Amino acid sequence: NLPEIIKGVDSFELRIWISSMMIPDYVTILRYSDSQWIAHEYAYYENGNLLDSALVRKINLNDSIGEVVSYLSDSSVLNLPSQHAIPGFVDNVADGQTCTIEISSKTVYKALHYHCPEHFTDNYNKKFMAIINFLNPYLHFYMPVCLPAK
C-alpha cells in the first residue's frame, strides 16, 4: 500500500528494497512527511497474489538527515546506471542479495538495481557499494550474503 513515487514526491523519499533467498525481504523507507522525517523498516512478503508487510523497526536518524539527503542528491549518485545497464556487464552470481534504491524528490526520480554488487570489481559496482557503505551505518539494511570479489 505504498504510494507511487516515480512521478515525484512533495519533498524527499528514499526506499531501499533488499531481497534474497537466504534472508527475509525488507524495505527501508526514509521520507519527509507532515513536517517531520520518518524512517521505518518493513518486512514484506507475498500473501496470495498481494504484497503484504509488517513494521520491523523505526529508525532514529536525529541530525544525520541533511547529510544523507545531500549525499543522495549528488550527481555521482543520480547519474549512476543500474547494474543491467552497465556496458558489457555479466551477472555471473547464481544467488545472493539484490538491492534496489529508489530516490524521489519534487524534480527527481532515480532507481538503482544491483545484484550482489560486493562481488564485482568494476567502477559502477564499486560506486554502488560506496552508496551502500555510506547509508548502512545510518539505516542498517545491508548484510551481504555472497562472498566479495578478491
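Predicted, not measured: the structure shown is a model, and the values here were computed from it.
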Nearest heavy-atom contact between T98 and H113 is CG2-CE1, 3.2 Å
Min side-chain heavy-atom separation L139-L14 under 4.5 Å: yes
Exercise for the section: Determine the interplanar angle of the F120 and F89 rings, folded into 0 to 90°, and report it as parallel if under 30°, tilted if 30 to 60°, perpendicular if over 60°. Expected result: perpendicular
_Tell me if a side-chain donor or acceptor on S82 pairs with a main-chain N or O of A111 at a distance below 3.5 Å._
yes
Say whether, by atom type as modelled, one donor and one acceptor occur between the side chain of K110 and the main chain of L80 under 3.5 angstrom. yes
When you group the ILVMFWY residues by side-chain heavy-atom contacts below 4.5 Å and let the links chain together, are L72 and Y114 in the same group? yes
One should read off an interatomic distance between I103 CD1 and L112 CG, to the nearest 0.5 angstrom, of 6.0 Å
* Are any non-hydrogen side-chain atoms of W17 and D25 less than 4.5 angstrom apart? -> no
Shortest non-hydrogen pair, V93 vs C116, comes out as CG1-SG, 3.9 Å
For residues E67 and F134, determine if any side-chain heavy atom of one lies less than 4.5 Å from a side-chain heavy atom of the other.
yes
Taking the side chain from T28 and the backbone from F141, do they hold a donor-acceptor pair closer than 3.5 Å? no
All heavy atoms of Q83 vs all of P117, minimum pair found to be NE2-CA, 4.4 Å
Would I132 and I16 satisfy side-chain contact (heavy atoms from CB on, under 4.5 Å), going step by step from the backbone distance to the final call?
-> CA-CA 10 Å; I132 298 252; I16 303 170; 6.0 Å; no
So CG of N92 and NE2 of H115: to nearest 0.5 Å the spacing works out to 10.0 Å
Count the heavy atoms of every other residue, nucleotide or ligand shown that sit under 6.0 Å from OH of Y124, and state whether that count exceeds 12.
no
On a heavy-atom basis, the closest approach of R15 and V27 is CB-CG2, 4.4 Å
Determine whether a donor-acceptor pair (N or O, by modelled atom type, separation under 3.5 Å) exists between the side chain of N125 and the backbone of E118.
no
Query - Whether S105 side chain and V108 backbone form a donor-acceptor pair below 3.5 Å - result: yes
task = Is it possible for you to say whether I5 and Y26 belong to one hydrophobic cluster, with membership spreading through side-chain heavy-atom contacts below 4.5 Å?
result = no
Heavy-atom closest pair (I18 atom, C99 atom, distance to 0.1 Å) is CD1-SG, 3.6 Å
Minimal heavy-atom distance between I29 and Y42, with the atoms involved, is CD1-CE1, 4.0 Å
Check for me, please, whether I86 and I101 land in the same ILVMFWY cluster - side-chain distances under 4.5 Å, paths through other members count. yes
Item to check | Criterion side-chain contact (heavy atoms from CB on, under 4.5 Å) on Y32 and V9, from CA distance to verdict | outcome: CA-CA 9 Å; Y32 190 75; V9 295; over 6 Å; no
Original post:
Has the side chain of N133 got a donor or acceptor atom that lies under 3.5 Å from a matching backbone atom of M129?
Top reply: yes
(request) Evaluate the side-chain proximity of V69 to W37: yes if any heavy-atom separation is below 4.5 Å, no if none is. (result) yes
Within 6.0 Å of CG in D10, more than 12 heavy atoms from elsewhere: no
Exercise for the section: Kindly indicate, with the supporting measurements, whether the criterion side-chain contact (heavy atoms from CB on, under 4.5 Å) is fulfilled by E102 and Y109. Expected result: CA-CA 7 Å; E102 292 182 282; Y109 173 80; 2.4 Å; yes
